[in-house]
Amino acid sequence: MTDTTPPAAPPFTLPKYPGGTGAGPRPSAALTPKGFLARNPSVLWFLLALAVLTVAVTILSPAFGMGSMSTSFVKTLGKTLCLCLAALAMDIVWGYTGILSLGHMAFFALGGYMIGQWLMYARTEEIVVQSLATSPIPATAQEIAQGVGTQIFGVVGGSDIPLIWSFAHSLPAQLALVVLVPGLLAFLFGWLAFRSRVTGVYLSILTQAMTLALSLYLFQNDSGLRGNNGLSGLQNLPGLAETSQDLLSIWFFWASAAALALAYILLAWAISGKFGSVLRAIRDDEARVRFLGYPVEGYKLFVFVITAVICGLAGALYYPQAGIINPAELAPIASIYLAVWVAIGGRGRLYGSVIGAAFVSLLSSWFTGGRAPSIPLGFYTIDWVDWWQVLLGLSFVGVTLWAPKGIGGLFDRFRGLRTPDRKGAPLGPDEGSLQEQEAVE
Amino acid sequence: MSALLEVSGVSVSFDGFKAINNLSFSIGPSELRAIIGPNGAGKTTFMDIVTGKTKPNSGSVTWGEKGQSLLTMSEAAIARAGVGRKFQRPTVFEDQTVAENLVLALKSPRSPFAALLFALTGEGRRRVEALAAQVGLTDALPRKAGELSHGQKQWLEIAMLLAQEPLLLLVDEPAAGMTLAERELTTAMLVEIAKTRAVVVVEHDMEFVRRLDCRVTVLHEGSVLAEGTLDHVTKIPSVIEVYLGRG
Amino acid sequence: MRAFLLGLALACLGLSAHAETVAQIVATHAADIEKPSRTTIGPVISDLAASGDPMAARLLEAWGNKQLGERKSDKTFFLLSPDPAGYALTDLTGAPAGTAAKSDITELKPNAGVRGLIASALVQFTLSDPDPAKRANALTSIAQDPNAESLAPLRAAIDGETDPTLKAQKQRLERLLTLRFDADTTARVTAMESFGADTGLDLRAALTPLVATSRMASAGPLEGKNIAREIKPGRDLTAVEAYDLLVADGSAPARITHEDQEKALADHIQSGSVAGFPVSDLSIQANRDRAYTALEAAGQVPPAATDDEVAAAITAHRFYEVYTEADRVITDAATAALGKISLKVGVLQVADLGLDGLSLAAIYFLAAIGLAITFGVMGVINMAHGEFITLGAYTGYVVQQIVPGYTASLLVAFPLAFAITFAAGVAMERLVIRHLYKRPLETLLATFGISIALQQLFKNIFGTQARPLTSPDWLGGALTFNDVVSISYIRIAIIVLAALFLGFFLYLMKRTRLGLEVRAVTQNPAMAASMGINPDRINMLTFGLGSGIAGIAGVAIGLFAKVTSELGTDYIVQSFMTVVVGGVGNIWGALAGATMIGSLQKAIEWLNPSNTLAAQTYMILFIILFIQVRPRGIIALRGRAAGD
């Protein structure tokens with residue numbers, strides 16, 4: 001960045017604006033620095049709610065409490081927290097910066113793949129070493145590698161361990177990759193896309209294409225990640241074969257809750273200050289921000305990469321709870337659902353995205369799980385397994401049309417907040433390009 | 001006095017249409033200049049070139065004492081170098097408070113990391129308060145910019161421009177949609193600002209330009225037709241023809 | 001052998017004047033027939049073949065099948081067929097001659113050599129059969145199983161051929177056999193060269209075996225072999241393959257598998273060590289090899305190659321690819337001929353690929369044009385566009401259930417699909433999109449909501465299995481130019497359909513009031529509105545039109561793809577890509593985008609034919625890079641109108 005420092009501008013005085021107060025400069029409360037929590041009242045409430053949930057789940061869990069909650073439900077809740085984390089990231093990139101990325105679930109899945117490599121490799125290695133231990137001659141490294149290779153890649157007709165598994169034996173290396181792989185991919189893609197000023201709908205389509213390309217690539221058997229079989233058995237932690245899933249599930253729930261809490265605090269901090277102000281300004285009118293001297297592309301890239309990394313981490317926590325990951329997980333539709341959650345929850349507010357992700361994904365699994373009661377109409381019975389998608393699609397249209405603020409908008413009503421009546425002035429998000437056009441005419 | 005901005009031999013065309021044709025222009029470090037010209041004379045395109053929005057097909061644009069070329073710089077870099085631009089329609093961030101708008105514009109490091117760690121220090125705060133007071137928006141600081149009246153938005157934008165502390169200010173038709181009193185005030189303000197930095201005003205309104213009492217550059221079909229005082233240029237036959245002949 | 005056959009064939013040519021009956025010939029050569037040998041029987045067979053008696057073929061056939069016998073009582077020959085009494089007899093004029101007990105008959109059992117002669121004589125019979133269909137069959141069977149024996153009879157059968165098509169086929173087949181089986185090298189080379197750059201599959205099939213190679217290993221220089229090239233282990237063949245070659249020709253002992261080696265070592269553990277190596281050291285392969293070699297030296301295990309020995313053996317040898325055909329002249333000529341052919345085949349393949357790409361481009365054009373128009377005019381991306389395509393395809397399916405006759409049903413389906421999707425588009429515009437103008441990202445998501453709802457609705461109505469949309473018979477088959485270039489009629493029809501729509505749109509946009517208004521709204525909506533154009537109406541009609549074309553595209557796509565609820569999804573991303581690459585708001589942009597995407601996809605598939613998934617991946621990567629060069633597409637609006 002060429003930041004040429006201009007020579008210091010000489011001071012000047014201006015004539016007074018007659019309609020003003022005329023009292024000269026005086027301190028304003030609007031500029032008084034406020035505490036973090038004062039600026040972000042939602043953080044306290046959010047942390048409180050999360051803590052209550054965590055305690056409740058712990059008490060009800062089979063591992064520590066009464067066991068009236070099944071292990072699989074603990075896992076479902078833990079997974080939901082991870083989805084909420086991804087939705088937080090999506091909210092930053094879309095709700096605050098105005099980039100409708102249809103690729104963030106791809107980063108999520110990549111994070112899952114990276115941790116999955118270690119889980120699967122290390123676990124398989126354990127099993128292979130165990131089975132070779134009965135031989136009187138100690139096993140060679142090649143024999144172990146051969147055994148692991150056959151175990152993992154037998155389904156795709158191979159036994160050699162591909163190059164991309166080079167670090168699979170090492171947890172720290174794969175953890176680094178959980179951050180690096182989504183981060184680098186986001187950096188590369190974002191750099192190319194933002195540099196050529198691809199914005200709006202174009203950018204959305206391009207991110208969708210990127211996601212599709214990635215998932216098609218992973219669907220191949222020779223991608224090195226077991227093609228459409230994906231990685232499986234991820235619920236078994238290497239070295240913890242004796243630990244029960246009851247215990248593991250609550251551990252992962254705690255970890256997910258902690259990650260969500262941490263991310264919420266960090267992101268709330270980041271967007272409550274000037275950084276958030278710049279992001280919202282970019283969303284509303286990026287050309288104007290550019291003329292203020294801000295490197296808009298740099299900001300977008302920064303946000304894109306950071307949120308991709310958050311998604312990667314969320315995926316790394318999600319898939320050990322899900323147990324299996326395959327390329328279908330990063331089909332473009334998954335990323336679109338992420339956008340749907342954020343929109344239904346209410347974008348542009350962190351708690352909105354969390355509520356949306358939790359609400360819609362839990363509702364979705366309730367309906368598609370066949371537990372929702374069917375509605376008999378006499379001539380036809382509405383079976384929710386078949387009709388839930390229709391309902392979701394239509395309710396999504398409804399939210400976009402009539403409740404653009406989503407569920408989060410309800411909170412404004414409770415607090416008596418009203419949107420300022422702008423008398424026909426353009427409404428916040430997505431208007432940037434329009435204003436930009438007008439500005440140069 | 002060496003020039004602050006030197007535009008020489010610049011041409012740009014859109015699909016064969018020459019919007020700017022071999023234009024040359026220069027302005028000193030503290031000078032007020034008005035650019036007039038009929039519609040399609042290339043005034044806006046000229047500002048686009050200087051601010052880096054449009055890249056010319058040929059010619060050079062140099063800046064400052066070191067003669068740095070603006071053509072290789074991005075819009076943001078040019079803005080950081082000290083070129084401020086005010087659009088015809090007020091463009092402020094309506095979804096943010098007046099205070100946030102001013103803090104955004106306030107001269108400070110612009111990188112994402114700097115923005116993350118930014119804190120409004122005492123001096124910056126005083127500067128924002130001073131600017132708000134100068135444009136009469138002190139009470140409006142906590143309000144959203146979208147709630148302001150049209151005139152107030154104009155003032156907010158001017159305050160934002162000043163907060164940027166530019167060395168060169170490009171102002172596009174500042175008088176449009178203003179009351180007579182506001183115009184007078186604007187004139188006074190522009191004259192005052194031009195004492196310490198360069199100001200280029202693009203304007204249709206001859207009365208307004210007359211009040212500015214400064215050198216005038218007449219653009220026509222993408223090139224400079226005449227330059228001098230308003231009285232001088234309005235006596236040149238070709239200028240009269242361009243204005244009267246084309247209505 | 002070949003020389004003999006050649007002689008036989010030449011003899012045959014001159015013998016057509018003979019007018020003896022089969023019975024007479026057999027009577028003359030009775031002794032030779034009783035005890036046939038390859039040297040003596042030749043003339044008999046040729047006499048029989050040349051006799052012109054229809055019984056000759058039957059006799060030869062029976063003889064070859066060991067169904068010719070001699071009655072012991074009168075030394076007369078009969079054709080035999082199984083009968084409860086022993087054999088039913090047929091005499092040499094073809095008349096039934098009663099039965100005989102098995103003991104009364106001496107069956108003639110000609111040896112394999114004689115049977116071979118008989119078989120080739122029979123070939124000549126069928127090749128000269130009066131029935132052209134039988135002659136054609138004979139040619140086909142020779143072409144399917146070419147062998148040296150067929151060459152002579154084939155040559156003999158050329159001159160007598162009256163049918164010009166069959167004659168040409170015979171001549172071609174003769175040259176194909178000559179180049180493979182002729183004894184004379186010059187004749188073979190001449191035959192090869194006579195084809196030039198003919199691209200027939202039969203020629204390629206005939207030439208390929210001539211350049212077949214096998215791998216050989218040799219410790220020193222390889223003498224007396226027709227070497228194609230030297231190959232290096234690790235580059236041209238794996239070390240394992242190289243060593244297997246050495247094992248196969250006996251110049252190295254078989255490799256020991258790791259399992260066997262481990263077992264052998266385990267069997268010889270003595271107080272915690274094997275041949276002096278502590279067991280704990282044996283977790284390294286090199287140590288295991290050393291231990292095994294030590295056991296080998298002690299004679300405790302059979303000699304076998306361990307990894308290090310294998311490596312040494314491979315370095316000590318050189319490896320070659322050797323032509324099966326020993327004659328260098330032949331292999332060179334065949335290589336040259338194949339080279340010429342492959343060049344021409346390459347050119348033709350590119351042409352074929354071009355046709356494929358064109359038809360794919362036509363499909364993408366049809367699928368994307370509606371999208372391009374709505375995006376251009378309204379700045380709206382319709383994510384449900386793919387579902388409109390599906391809707392069109394299902395309309396076609398339903399119509400086919402009701403309207404009998406595939407042609408008639410198609411004629412109904414196209415306009416109906418247009419009408420239905422047009423109505424759906426207008427409804428969507430009125431109910432949803434109208435309220436979301438100037439919020440393009442929200443439109444994207446709202447239309448996506450409609451997309452998932454529609455998709456599930458299709459599933460609920462039509463089920464998940466594929467529904468057939470059958471094309472009429474006249475669209476079956478393919479237009480074949482030669483062995484390489486061909487295009488199916490369905491694809492031609494789609495290209496024609498796309499061309500029709502291109503014409504229709506050009507007319508609509510340039511020559512009608514609606515087109516003028518649409519262009520005005522595209523370029524400057526505010527100005528158009530102030531000129532009295534009702535943008536609401538234009539938007540509605542444009543959206544309807546764009547959706548209607550999606551319906552038409554759906555019917556067309558349904559004709560060759562499976563109609564499922566996910567049909568549209570398969571095409572939607574490509575359609576988006578087409579719009580992005582082509583440029584917005586311009587019909588030529590959509591065309592350019594479709595052409596580029598279509599031909600690119602085919603080209604990548606051609607380079608990597610085994611993997612269509614990878615092809616799509618690379619194509620998308622290419623598009624992302626392409627956007628770097630031309631962010632606004634191939635045909636972009638420039639200047640201030642572009643709004644950038």
Interface moiety of [X] toward chain A, non-hydrogen atoms closer than 4.5 Å:
{"X": "B/E75", "value": "both"}
{"X": "B/T51", "value": "both"}
{"X": "B/A105", "value": "both"}

Report which part of A/F291 has an atom under 4.5 Å of a heavy atom belonging to chain B: side chain, backbone, both, or neither.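 The answer is both parts of A/F291.
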
Portion of A/V303 that has a non-hydrogen atom of chain B nearer than 4.5 angstrom: neither

Tell me every residue that passes side chain to side chain contact (heavy atoms under 4.5 Å, CB included) with B/I78, counting only those two or more places apart in sequence or in another chain.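 With neighbours one apart ignored, the set is B/L70, B/M73, B/V83.
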
Contact winner vs chain A - B/M160, B/Q164, B/E100, heavy-atom pairs under 4.5 Å: B/Q164

Please rank B/N101, B/L104, B/V98 by heavy-atom pairs under 4.5 Å with chain A and give me the top one. B/L104

If you compare all heavy atoms of B/I27 against all heavy atoms of B/A198, which two are closest, and at what distance to 0.1 Å?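 Distance-wise, the nearest heavy atoms are CD1-CB, 4.1 Å.
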
A/T97 side-chain N/O to A/I99 backbone N/O, donor-acceptor pair under 3.5 Å: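 Looks like no, no N/O pair under 3.5 Å.
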
Among A/W269, A/F302, A/Y294, which residue meets the ring-ring contact (aromatic ring centres under 6.0 Å, His included) test with A/F275?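 The option that passes is A/F302.
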
Decide whether a cation-pi geometry holds between A/R280 and A/Y96; the criteria are a distance under 6.0 Å from NZ or CZ to the six-membered ring centre and an angle within 45° of the ring axis. no

Please determine whether a side-chain nitrogen of the Lys or Arg among B/E31 and B/R197 lies less than 4.0 Å from a carboxylate oxygen of the Asp or Glu. no

